[in-house]
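Just so we're clear, the structure is a prediction, and the values are computed from it rather than from any experiment. Residue numbers count from 1 along this sequence.
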Amino acid sequence: MAKKEEKDMSFLDHVEELRWHLVRSTFAVILVAIIAFLMKDIIFDKIIFAPKNADFFTYQFFCKVSKFFGTDGLCIEDIPFTFQSLAMAEQFSVHIWTSITAGFIIAFPFIIWEFWKFISPGLYEKERKGAKSFIIISSFLFFIGVLFGYYVVTPLSVNFLGNYSISDMVERNIKIGSYIALVRSSTLASGLIFELPIIMYFLTKMGLITPEFLRKYRKHALVLVLILAAVITPPDIISQIIVAIPILLLYEVSIYISKIVLKRERKREQENA
């Protein structure tokens, strides 16, 4: 039999325990957010506004790939729009929320650690020993997703939307809040999407999904992935394919993980029987 937490906790005890985990996680995010707030020049000039420049790493990479195939079709010289602030407190509000976003991203491993401490009493002893691996893998997937969103999804979106025009009579003056919302949503959404294998792991342990279920609805998942790619990327097929490929790979990895988890659960049930 698995060793559980010795003391039996009531529902209110669990709520109180969860509250303190959330408090500590929030404190970590705020602490990092304060540091990010003080590093305004680096956060905005070097990171947030970098995809607006034609010399951004992603644009240069696509340009080299394009020239390798003997064309300049993927090279860009400029993204013709300027930023503007239309509200008195807009820049301050943007500064605050960008700092909080940076705080959440950087403090993510600590948040995952707090999440693990909350659920660990309900796990088997062997599973509790996997805390380090869980935190490392979850954080690694999240940061890879954030980088993918920043270096792939964001520049594709900025380049397409920044160059899109319905008429030469329309000036491209973009609200700073709109631009940063695009960057924030692209990076955070990608980071959370890359947590798919972790989510599938827990859903399998809870008995909500099986490898057979995931294989059966693979075609449906493909449609959902393409819809998701269409939502978070510009409406061109190349961008959608670039975003859809890693998500589909994560889905296949999730099937493999679900298979391993289910096999271990059945083996444990046989040993207990």
Side-chain angles (χ1 to χ4, degrees), residues 25-26 29-30 32-33 36-37 39-40 42-53 56-59 62 79 81-87 89-109 111-112 138-164 172-199 224-248 250-251:
S25 298
T26 303
V29 172
I30 293 175
V32 179
F37 186 88
M39 300 173 64
K40 178 178 64 175
I42 296 177
I43 295 295
F44 286 95
D45 295 338
K46 303 296 183 181
I47 300 178
I48 300 296
F49 295 142
K52 165 67 171 65
N53 302 322
F56 187 61
F57 171 81
T58 303
Y59 304 138
F62 284 137
I79 302 178
F81 68 83
T82 57
F83 298 116
Q84 61 177 349
S85 178
L86 300 179
E90 183 176 17
Q91 294 192 56
F92 180 73
S93 177
V94 162
H95 193 182
I96 292 291
W97 283 108
T98 301
S99 300
I100 293 175
T101 302
F104 175 81
I105 292 175
I106 298 174
F108 185 80
I111 297 173
I112 287 295
S138 299
S139 300
F140 176 77
L141 290 174
F142 178 76
F143 289 134
I144 290 295
V146 168
L147 291 176
F148 179 81
Y150 179 72
Y151 282 105
V152 178
V153 180
T154 295
L156 288 175
S157 301
V158 170
N159 182 38
F160 177 83
L161 298 176
N163 283 284
Y164 189 84
R172 298 183 181 93
N173 298 319
I174 309 299
K175 289 180 61 177
I176 185 176
S178 175
Y179 172 83
I180 292 180
L182 184 147
V183 177
R184 181 172 59 242
S185 61
S186 298
T187 52
L188 284 180
S190 298
L192 295 176
I193 288 173
F194 271 61
E195 291 294 300
L196 182 62
I198 303 298
I199 296 174
L224 292 176
V225 167
L226 292 177
I227 294 175
L228 179 63
V231 170
I232 66 178
T233 61
D236 64 272
I237 189 64
I238 296 178
S239 300
Q240 294 175 16
I241 292 176
I242 291 175
V243 173
I245 288 176
I247 300 178
L248 290 175
L250 288 171
Y251 187 85

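- Between Phe142 and Leu192 the shortest side-chain heavy-atom distance falls below 4.5 Å.
- Across all their heavy atoms, Ile100 and Val29 have their closest contact at O-CG1, 3.9 Å.
- In this structure, Phe194 CZ and Leu141 CG are separated by 8.5 Å, a value rounded to the nearest 0.5 Å.
- With Arg184 contributing its side chain and Thr98 its backbone, the two residues share no donor-acceptor pair below 3.5 Å.
- Between Phe44 and Phe49, the ring planes lie tilted relative to each other; the angle falls in the 30° to 60° range.
- Between Gln91 and Ser85, the shortest heavy-atom distance links the atoms CG-OG, 3.5 Å.
- Note: Phe143 and Tyr150 fail the aromatic proximity criterion, with ring centroids not under 6.0 Å apart.
- Here the CE atom belonging to Met39 is positioned 12.0 Å from the NZ atom belonging to Lys46, to the nearest 0.5 angstrom.
- Using a 4.5 Å heavy-atom cutoff, the side chains of Ile79 and Tyr59 are in contact.
- Taken to the nearest 0.5 Å, the CZ atom of Phe37 stands 4.5 Å off from the NE2 atom of His95.
- Summarising the geometry, atom CD1 belonging to Ile247 is positioned 7.5 Å from atom OG belonging to Ser190; distances are rounded to the nearest 0.5 Å.
- Considering only heavy atoms from C-beta on, Phe62 comes within 4.5 Å of Leu156 through its side chain.
- Among all heavy-atom pairs drawn from Gly149 and Pro155, the shortest one is O-CD, 4.4 Å.
- Here the side chains of Leu188 and Ile105 are in contact, with some heavy-atom distance below 4.5 Å.
- What you find for Val94 and Gly177 is that their closest heavy atoms are CG2-CA, 3.9 Å.
- Note that CG of Leu182 is 11.0 Å distant from CD1 of Ile48, once rounded to the nearest 0.5 Å.
- Judged as a ring pair (Phe, Tyr, Trp, His ring centres under 6.0 Å), and not counting sequence neighbours, Tyr251 has no contacts.
- Thr187 places a side-chain N or O within 3.5 Å of a backbone atom of Val183 that can act as its donor or acceptor partner.
- The heavy-atom pair separating Glu90 from Lys175 by the smallest distance is OE2-CE, 3.6 Å.
- Note: Ile106 CD1 to Thr101 OG1 = 11.0 Å, rounded to the nearest 0.5 Å.
- Counting only heavy atoms from C-beta outward, the side chains of Phe81 and Val158 approach each other to under 4.5 Å.
- Residues Ile43 and Ala36 approach most closely at CG1-O, 3.7 Å, considering heavy atoms.
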